[in-house]
Structures are given as structure tokens and as C-alpha cells.
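Every heavy atom of this structure was used, including side-chain atoms; hydrogens, water molecules and symmetry mates were not.
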Amino acid sequence: MQGWHKEQMSNSGRVPALDGLRGCAIIAVLCFHSVLVCDFSRVPWAIAVRWGSAGVDLFFVLSGFLITRILLAAGDRVNFGSFFARRALRILPAYYFVLLGMYLLLPTLSDAFRESEARQQFWLYALFLQNWDYAFNDWADWRYISHFWSLAVEEQFYLLWPFVVAAAGRHRLPYVCAGIFFASFAIIVGVSLIGDPGRFIYSSTVTRMGVIAAGAWVACADFQRLQHLARAPWILLACSGFAYLLFVVWAPRTLPGIGYMKLLCAALAPAVLIALIHTQRLPLLPRTFLELPPLRWFGKYSYGLYLLHYPVIGVLVERVGESLEQAMIWSPTLAPLFFLGIVLAVTIPIAVAMFHTIELTALRIRPKSAATAKQLAAFQPPADQTVVR
């Protein structure tokens with residue numbers, strides 16, 4: 001087991017495969033939004049990326065796992081003030097930098113944003129309430145700011161979850177996570193039956209907490225009792241991957257009535273994958289793939305890329321929309337790839353610069369962690385000595 005720790009966990013307590021998983025999530029979202037504006041129905045290979053919105057679900061599962069892992073690793077010594085300060089310094093500086101930049105620059109770069117109602121809703125976004133506005137009203141009329149709903153869900157989760165963990169305790173927490181998962185499922189079913197158009201199901205915190213709880217369950221489950229689940233990792237990955245494809249790709253179009261169940265089912269495959277990483281049972285090929293430097297690189301800058309990419313797409317659509325339409329007529333196969341390349345060329349330098357200035361500066365002033373890297377490294381579920389390499 002110690003060899004696995006040395007290979008799999010850096011001195012900072014980071015697990016390389018999880019960084020790669022985060023990289024997969026942001027790449028999926030980038031591809032989804034870039035091809036979406038080109039119209040999925042016109043792109044021959046759109047099936048390869050139209051599932052990419054589930055990258056957000058993967059971010060939720062990862063958040064549930066990592067935050068719960070930090071809180072449990074700290075044990076009874078959790079300093080809630082320190083925890084909230086660290087979360088604020090990790091999330092708020094980059095978020096407010098992008099938000100202020102948008103509201104200052106976009107009126108000069110985008111006629112549509114300047115004339116939109118979203119321009120008058122700065123405080124809604126500043127207070128992380130936009131997901132509830134979408135849930136009960138409608139999506140932002142300038143849709144390229146709508147992706148911020150997921151940040152609101154995560155911020156509300158950060159505010160509530162430490163108290164849930166403290167109240168439940170380590171032994172009851174897995175049952176609490178399972179209860180939240182199934183309660184979220186019941187709410188989705190109930191709201192679907194009364195004819196909700198999907199905004200509430202898609203963007204409300206209560207319907208998204210089930211996905212986050214799936215990741216949290218992985219962090220707190222007693223894997224010593226569940227070792228038999230990790231004895232056949234390829235079978236687990238295949239089954240969860242099949243369920244993922246069934247509910248994310250096939251079910252929404254074939255069975256529209258249960259299409260929104262994908263919000264929970266999308267948590268199955270990544271939760272299983274994280275569980276296999278967590279229990280040291282990840283097969284060689286997936287582990288090697290997730291530890292590829294390019295994926296880990298995208299994972300490192302994923303937060304800035306997520307914040308920036310959709311507003312960049314919105315400005316580009318206004319600036320080069322006519323040229324993009326002509327390119328789609330000429331080659332619907334190559335035009336989306338070319339547009340994705342432009343999006344990356346604009347977004348990546350800004351995200352990298354923002355990381356090395358704003359995000360790293362905030363990281364350096366963060367107060368003492370609720371759980372040190374040494375505690376995180378020690379917080380591994382009991383496992384046998386056989387390490388899958």
C-alpha cells in the first residue's frame with residue numbers, strides 16, 4: 001500500500017488520476033459548448049460530444065468526494081472558519097475577477113449582452129443565487145453566462161456540507177449520503193410528474209445534491225466491507241459505463257419522460273471510477289490514461305477554463321458568427337473543430353494567466369488547512385496489500 005501512496009499521491013495530497021479525471025470533465029464541457037453553437041443536428045459526429053454536459057456531473061461527484069475526504073481526514077479537529085476561508089479563497093477571487101471583467105468589458109464586446117436582462121442581474125450572480133432564478137424563472141437571456149448555475153450549486157454545498165458531516169458523524173454519514181441520493185431522485189420524479197419543463201430539475205440545488213452525495217458516499221463508505229465490489233474492476237467499469245451511456249445518451253431521446261433521471265445516473269460511472277481509485281483497484285489502462293500529462297494539465301487549469309470558455313464562445317459567435325455559418329455550409333465536419341480550436345486559443349492563455357496570478361496568489365495566503373496533506377495521505381480505506389499496477 002505504501003508503494004501506491006508514493007506513486008499515486010503527490011506531496012500536496014493530490015491524486016494524479018483525479019486530476020486527470022477533472023481534465024476529462026473540462027474537455028467534455030469545452031467540446032459540448034463549442035459544438036452546441038454549431039448546431040448538433042448539423043454536425044455528423046455530434047454524438048461524440050453531445051454527452052459532454054455530463055462533465056458538470058463529474059465535477060459535482062469530484063467535489064462531493066474531495067470535500068468530504070478533507071472534512072473526514074481532519075476528524076474532530078475541523079476548524080470551520082479555516083474551512084470556509086479556504087473555500088472562499090479558492091473559489092471567489094477567480095470567480096469575481098471573471099464576473100467583474102464580464103460586466104465591465106462585455107457591453108463593449110457584445111451587443112446582445114449590452115441589451116440583455118442579464119446585464120442588470122450582477123448581484124444575483126455575485127451572491128450565487130442564479131441557479132434558483134433559472135429554476136423558477138428561465139435561463140439567462142444571454143445564454144453564455146448560464147453555466148454559472150453550477151458554481152452556485154457548489155457554493156451552496158460548501159456552506160451546508162461541513163455541518164451535515166459534523167452532525168452525522170463518520171459512521172452515519174454513508175447512510176445520510178444514500179438518503180440524499182434517493183431523496184434527490186424522488187424529487188426529480190415528483191417534479192417530472194407535475195410537468196416541470198426541466199429548469200428546476202436541471203439547476204436547483206435539491207435535485208443536484210444527489211450527484212454530489214454520490215461522490216461524498218465514496219469518500220466515507222466502509223470499503224473494508226465492500227472489498228468484494230472492487231475485485232472485478234473491469235466488470236464494474238463496464239456496467240457503470242453502460243448505465244451511464246444508457247441514461248445520458250439513449251434514454252433522454254428514446255424515453256423523454258425519464259430523460260431527467262440522467263442527472264443522477266450520470267453520477268454512477270464517475271463514482272465507481274473514483275471508488276476504484278480510492279480503493280487502489282483502478283486497472284492499469286484507465287489509471288495510465290487518467291495520469292497522462294495533457295489530461296492532468298487541463299485538470300490543473302479546469303476552474304479558469306470553465307469560468308471563461310462560455311463567455312468567450314458568446315463573444316466569438318457575435319464576431320465570427322457569419323464566417324462560422326459559411327464554414328458549416330462548406331464543411332459541417334471540420335468547421336466545429338476549427339471553432340473549438342479558436343475557443344481554446346483564446347481561452348487557454350487567459351485561464352493560465354489567471355491561475356498563475358489570481359488563483360496561486362490566493363492559494364499562498366490560505367489559512368491552515370482543515371486537513372493537512374499528511375492527513376489526506378493517511379486517509380485511505382483499508383485494503384489488502386495487493387496493488388493493481
Side-chain angles (χ1 to χ4, degrees), residues 21-59 110 112-113 134 139-150 197-199 202-203 241-256 258-263 265-266 269-270 289 292 294-295 298-299 301-302 305-348 350-351:
L21 204 56
R22 190 180 290 106
C24 291
I26 190 59
I27 290 172
V29 173
L30 288 167
C31 292
F32 174 82
H33 281 145
S34 297
V35 179
L36 175 65
V37 299
C38 298
D39 188 352
F40 283 145
S41 65
R42 300 172 61 187
V43 180
W45 45 270
I47 188 63
V49 297
R50 68 183 310 149
W51 55 269
S53 61
V56 175
D57 296 287
L58 178 48
F59 280 127
S110 169
F113 179 80
Y134 300 161
W139 300 108
D141 53 351
W142 196 72
R143 66 173 178 172
Y144 306 103
I145 199 174
S146 296
H147 67 308
F148 284 166
W149 70 268
S150 62
R199 293 187 301 269
Y202 195 84
S203 66
F242 175 76
Y244 178 85
L245 292 174
L246 176 68
F247 284 94
V248 174
V249 177
W250 176 75
R253 289 184 294 171
T254 310
L255 301 171
I258 66 167
Y260 292 115
M261 301 309 171
K262 70 178 183 178
L263 300 182
C265 295
F289 174 75
L292 288 174
L295 286 182
F298 272 96
Y301 298 109
S302 59
L305 290 171
Y306 186 81
L307 289 172
L308 291 161
H309 80 282
Y310 215 19
V312 166
I313 288 174
V315 173
L316 287 175
V317 165
E318 281 195 57
R319 297 289 176 175
V320 301
E322 292 185 6
S323 299
L324 178 61
E325 176 60 28
Q326 292 298 318
M328 285 295 298
I329 295 173
W330 174 67
S331 177
T333 299
L334 296 178
L337 290 174
F338 181 72
F339 183 70
L340 173 61
I342 297 175
V343 171
L344 293 176
V346 176
T347 306
I348 287 176
I350 305 174

Show me the donor-acceptor pairs within less than 3.5 Å that the side chains of residues 28-43 make with the rest of the protein, sequence neighbours left out.
residue	atom	partner	partner atom	Å
His33	ND1	His309	NE2	2.7
Ser34	OG	Leu30	O	2.8
Asp39	OD1	Ser41	N	3.0
Asp39	OD1	Ser41	OG	2.7
Asp39	OD2	Ser41	OG	3.1
Arg42	NH1	Glu325	OE1	3.1
Arg42	NH1	Glu325	OE2	3.4
Arg42	NH2	Glu325	OE2	3.2

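- Judged as a side-chain hydrogen bond (donor to acceptor under 3.5 Å, both in side chains), and not counting sequence neighbours, the contacts of Tyr301 are His356.
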Please tabulate, one pair per line, all N/O donor-acceptor pairs under 3.5 Å involving side-chain atoms of residues 328-339, not counting sequence neighbours.
residue	atom	partner	partner atom	Å
Ser331	OG	Leu334	N	3.2

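- Screening residues 139-148 for salt bridge (Lys or Arg N to Asp or Glu O under 4.0 Å) gives no qualifying pairs among residues at least two apart or on separate chains.
- When every heavy atom of Leu21 is checked against every heavy atom of Leu58, the shortest pair comes out as O-CD2, 3.5 Å.
- Scored by the side-chain hydrogen bond (donor to acceptor under 3.5 Å, both in side chains) test, Ser150 finds Tyr306 as partners (sequence neighbours excluded).
- Taking OG1 of Thr347 as the reference point, atom CG of Leu316 lies at 7.5 Å (rounded to 0.5 Å).
- Considering every non-hydrogen atom in both Phe298 and Ile26, the closest pair reads O-CG2, 3.8 Å.
- Note on residues 308-322: no pairs pass salt bridge (Lys or Arg N to Asp or Glu O under 4.0 Å), not counting sequence neighbours.
- A 4.5 Å side-chain heavy-atom check between Tyr144 and Ser110 finds every atom pair outside the cut-off.
- What you find for Ser203 and Trp139 is that their closest heavy atoms are CB-CH2, 4.0 Å.
- The heavy-atom pair separating Cys24 from Leu295 by the smallest distance is SG-CD1, 3.8 Å.
- From Ser146, atom OG reaches atom OH of Tyr202 across 10.5 Å, with rounding to the nearest 0.5 Å.
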